[in-house]
Amino acid sequence: MSAGEGRHLAAVPDRPPAAGVLYVHFHPVAGPALTEDTYDGLLALLAEVTPVVQALPPDAALLDVRGAVRYFGHDPAELAALLRVRALARYGADCTVGIAGNPMLARMTAHDGPPGSVRTLPDDAQAVAAFLARKPAAALYGVGPATARTLCAYGLDSVGRIAEAPLSALQRVLGAAAGRRIHERARGIDPTPVTPDARVRSMGSEHRFGSDELDPHRRRRALLALADGLGLRLRQSGQVARGLKLTVRYADGSSTTRSRTFPEPTAHTPELTAAAYALHAALGLQRARVRAVALRAEGLCDAQLVAHQLSFDPEDEKARRVEAAVDRARARFGMAAVGLASAHHVA
DNA sequence: ACTTATTTGCCGATTGGG
DNA sequence: CACTCCCAATCGGCAAAT
């Protein structure tokens with residue numbers, strides 16, 4: 001933080017320690033939703049100020065403007081105001097901005113008051129402590145109902161109390177990793193950097209049955225549709241998955257998950273489907289009232305980064321050409337254009 | 001051959017935005 | 001508007017593998 005104070009830039013006056021992280025949350029000023037195109041435009045707008053923009057789809061972003069501040073000769077609040085004006089003028093989108101010393105505090109600052117304004121939390125220990133002290137435990141980012149309940153059971157109902165609690169106590173209650181993180185966050189410490197091009201680590205989808213499903217065949221049918229959609233999404237984004245996870249949700253609200261790692265990362269529907277079927281079969285559900293099934297592709301990585309293992313099976317080659325053709329047809333004519341073509345290739 | 005440290009796989013639990 | 005349900009995505013922790 002103290003690196004590069006830029007004292008050679010005499011134009012920069014004395015000011016409080018830089019609070020250089022912006023959390024920006026866009027609201028459509030009219031209309032129900034922010035379109036994807038508008039969001040892309042807004043991200044581009046943010047990128048005019050700094051390249052360090054982390055998209056938080058569908059309607060928010062984090063910026064690190066510590067570099068931009070010196071370059072533009074404006075402080076973060078002035079940059080935020082500038083961004084607000086531009087977003088409104090170009091896209092009719094209002095935004096709420098929180099400015100603080102790290103991503104967590106920037107988020108909390110943005111959520112701390114009414115929408116449509118810019119709020120700054122000085123990057124100063126006193127100010128941060130005062131800001132956090134009286135917040136309820138659940139206000140800490142990463143603390144949800146379950147953790148808050150656990151903490152409250154030990155009398156730790158405010159962030160201030162949590163900050164005073166010894167690390168060892170928090171770790172005993174929440175576990176080593178979670179305890180350490182809460183301990184830091186309650187003190188306003190969040191080492192998370194603003195990461196441009198933050199890649200997604202998994203993608204998945206779920207199929208909920210109209211009524212609790214008892215028929216394994218129908219469940220397999222749903223899995224095929226999910227695997228097919230997942231494969232398409234993977235291929236469209238140029239990614240491959242290292243593994244697949246199946247989640248089955250039951251009528252009573254409970255759920256079971258099973259996962260499997262592929263011999264080789266893949267985005268092909270037949271492999272995904274085969275894995276989904278295998279996971280489903282391995283569960284051996286008897287007379288289970290299944291409310292929903294979900295598939296998740298995990299360990300995503302760039303398709304070009306994985307070494308391709310050549311297939312010597314002409315059937316595979318053919319299936320992949322068909323798959324590519326189906327992808328193109330769907331891209332051109334819509335999902336309904338071609339049915340679940342892969343059904344024929346799965347044992 | 002054995003011990004230990006680190007990674008990978010697996011699965012349930014949790015978060016937070018809609 | 002509060003509330004609940006929904007659901008994609010990630011995390012924590014344990015065990016097996018390296």
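Excluded from the calculations below are hydrogen atoms, water molecules and symmetry mates; all remaining heavy atoms, backbone and side chain alike, are included. Below, chains carry the letters A, B, ... as their sequence lines are ordered, and counting in each starts from 1.
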Do [Y] and [X] meet the salt-bridge criterion of a basic N to acidic O distance under 4.0 Å?
X: R84(A); Y: D94(A); answer: yes
X: R320(A); Y: D316(A); answer: no
X: R249(A); Y: E206(A); answer: yes

Worksheet entry | Sequence neighbours excluded - side-chain hydrogen bond (donor to acceptor under 3.5 Å, both in side chains) pairs with any residue from residues 290-301 of chain A | S202(A)-R296(A)
Worksheet entry | Listed partners of H25(A) passing ring-ring contact (aromatic ring centres under 6.0 Å, His included), at least two apart | H27(A)
Is the side chain of [X] donor-acceptor paired with the backbone N or O of [Y] at a distance under 3.5 Å, no angle test?
X: T147(A); Y: G144(A); result: no
X: S254(A); Y: Y250(A); result: no
X: T273(A); Y: E271(A); result: no
X: R119(A); Y: P114(A); result: yes

Practice prompt. Give one of base, sugar-phosphate or nothing for R208(A), where a contact means two heavy atoms less than 4.0 Å apart.
Written response: sugar-phosphate
Discussion item. Show every ring pair (Phe, Tyr, Trp, His ring centres under 6.0 Å) that has at least one partner inside residues 209-242 of chain A, sequence neighbours left out.
Written reply: H207(A)-F209(A)
Worksheet item: Do any pairs count as a ring pair (Phe, Tyr, Trp, His ring centres under 6.0 Å) and have a residue in residues 97-140 of chain A, sequence neighbours left out, and if so which ones?
Response: Y23(A)-H111(A)
Fill in: Outermost DNA chain C nucleotides near chain A [under 4.0 Å, heavy atoms]
dC6(C) to dG13(C)
Please list, pair by pair, any protein nitrogen or oxygen found under 3.5 Å from a nitrogen or oxygen in nucleotides 5-12 of chain B.
unit_1	atom_1	unit_2	atom_2	d
dC10(B)	OP2	T261(A)	N	3.0
dC10(B)	OP2	T261(A)	OG1	2.7
dC11(B)	OP2	S259(A)	N	2.8
dC11(B)	OP2	S259(A)	O	3.3
dG12(B)	OP1	R258(A)	NH1	3.2
dG12(B)	OP2	T257(A)	N	2.6
dG12(B)	OP2	T257(A)	O	2.8
dG12(B)	OP2	T257(A)	OG1	2.7
dG12(B)	O6	K245(A)	NZ	3.2

Discussion item. Let me check I have this right: for DNA chain B, each base becomes ., (, ), [, ] or |, based on Watson-Crick or G-U pairs with both distances under 3.5 Å. What is the full string?
Written reply: ....||||||||||||||
Worksheet item: What pairs with A276(A) under side chain to side chain contact (heavy atoms under 4.5 Å, CB included), at least two apart in sequence or on another chain?
Response: L223(A), L244(A), L295(A)
Worksheet item: Is the CZ atom of R233(A) crowded by more than 12 outside heavy atoms at less than 6.0 Å?
Response: yes
Item to complete: Strictly below 4.0 Å, heavy-atom distances to any atom of DNA chain B: list the hits from residues 140-156 of chain A, or just say none.
Response: Y141(A), G142(A), V143(A), G144(A), P145(A), A146(A), T147(A)
Worksheet item: Under a 4.0 Å heavy-atom cut-off, which of residues 167-185 of chain A touch DNA chain C?
Response: L174(A), G175(A), A176(A), A177(A), R181(A)
Show me the donor-acceptor pairs within less than 3.5 Å that the side chains of residues 168-177 of chain A make with the rest of the protein, sequence neighbours left out.
unit_1	atom_1	unit_2	atom_2	d
Q171(A)	NE2	A176(A)	O	3.0

Item to complete: Only counting residues at least two apart or in another chain, list the ones meeting salt bridge (charged side-chain N to carboxylate O under 4.0 Å, His left out) with D59(A).
Response: none
